[in-house]
Amino acid sequence: MVIKMTEPLKLGVLISGSGSNLQSIIDNIEKDTLKAVIKIVISNNKHALGLERAQKHGLSVAVLQHEHFKTREDFDTELIRILKDYEIDLVVLAGFMRILTPVFLRAFPQKIMNIHPALLPSFRGTHGQKNAYEYGVKFSGCTVHFVNEGVDDGPIIIQSVVPVLQNDTEESLACRILKEEHRIYPRAIQLFAEGRLKITGRKVQVNNAEEIDEIALHNPALAGF
Ligand code: GRF
């Protein structure tokens with residue numbers, strides 16, 4: 001009997017900072033809950049802690065400092081060159097603090113994912129957790145989405161909702177959200193690896209998804225109402 005082995009999904013992970021999402025992807029690959037391989041980790045910040053995390057796990061890393069490039073397009077062209085060299089199947093933005101140009105998006109159509117620390121389309125931009133906290137919402141969360149030409153705008157793959165508690169600070173809320181980021185990002189990548197995501201317009205169809213049915217969350221609780 002021939003057992004058909006499918007190749008693990010080849011990832012290129014782009015970071016700028018702490019790399020805790022990168023770490024959760026690495027951990028899930030090592031646990032075999034995520035059938036993927038990280039071919040290259042690229043940072044635009046040479047001091048990113050995520051680079052150390054990657055090296056600890058024997059991953060290839062590259063530093064591409066955006067300030068060394070004349071234009072955003074030049075920077076993106078070099079990024080594309082490296083990622084194509086590694087023949088990557090999916091670009092994973094994990095705290096990558098650069099806006100990518102259409103040059104980059106065209107090189108990897110429907111093959112770029114991002115994680116955002118708020119329930120999109122609310123609280124786009126760099127301070128998702130802070131803005132949600134200051135707005136006074138009772139729930140926030142995080143979103144994994146495909147990347148399109150807008151900022152934090154692409155088709156949504158998966159979201160996680162967390163409550164905002166009365167005695168939360170901006171930091172405690174951010175921490176609760178980050179824990180969920182570490183759960184949903186590897187899951188979204190695994191769904192992609194299994195070929196279960198189909199994009200139609202703004203919508204992402206997840207094949208064979210176990211959906212939650214008629215569940216409503218209330219915060220504060222409804223207490224018998
Ligand atoms: C995360 O909050 C992510 O949602 C946002 O940037 C942060 C990156 O954190 N895009 P880390 O570098 O993965 O720890």
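Only heavy atoms go into these numbers, but all of them, side chains included; no hydrogens, no water, no symmetry mates. Numbering of ligands and ligand atoms starts at 1, following listing order. For this chain, numbers begin at 1 and follow the sequence in order.
Tyr86 and Phe108 fall within the same hydrophobic cluster, where Ile, Leu, Val, Met, Phe, Trp and Tyr residues are linked whenever their side-chain heavy atoms come under 4.5 Å apart, directly or through other members.
Between the side chain of Asp76 and the main chain of Thr101, a donor-acceptor pair closer than 3.5 Å is present. Side-chain N or O atoms of Gln129 include none that pairs as donor or acceptor with a backbone N or O of Glu171 at under 3.5 Å. Between the Asn114 side chain and the His145 main chain, no donor and acceptor come within less than 3.5 Å of each other.
Set against the non-hydrogen atoms of Gln129, the atoms of ligand 1 under 4.0 Å away are 2 (O). Set against the non-hydrogen atoms of Ser18, the atoms of ligand 1 under 4.0 Å away are 12 (O), 14 (O).
For atom 11 (P) of ligand 1, the nearest protein heavy atom (residue, atom name, distance) is Ser20 N, 3.4 Å. Ranking protein heavy atoms by distance to atom 9 (O) of ligand 1, first place goes to Asn21 ND2, 3.9 Å. Atom 10 (N) of ligand 1 has its closest protein heavy atom at Ile115 O, 3.1 Å. Atom 3 (C) of ligand 1 has as its closest protein heavy atom Glu181 OE1, 3.1 Å. At the top of the distance list for atom 8 (C) of ligand 1, counting protein heavy atoms only, stands Gly95 CA, 3.5 Å.
Inclusion of Asn114 in the set of residues having an N or O under 3.5 Å from an N or O of ligand 1 is not warranted.
Ligand 1 lies out of reach of Gln23, whose nearest heavy atom is not under 4.0 Å from it. Not a single heavy atom of Ile15 sits under 4.0 Å from any atom of ligand 1. Taking a 4.0 Å cut-off on heavy atoms, Gly19 registers as neighbouring ligand 1.
For the side-chain hydrogen bond (donor to acceptor under 3.5 Å, both in side chains) test with Arg124, the passing option among Asn131, Asp153, Asp152 is Asp153; the others fail.
Phe75 and His66 have perpendicular rings, their planes meeting at more than 60° on a 0 to 90° scale where under 30° would count as parallel.
The shortest distance between side-chain heavy atoms of Leu197 and Phe146 falls below 4.5 Å.
Open room surrounds CZ on Arg183; 12 or fewer heavy atoms of other groups in view lie less than 6.0 Å from it.
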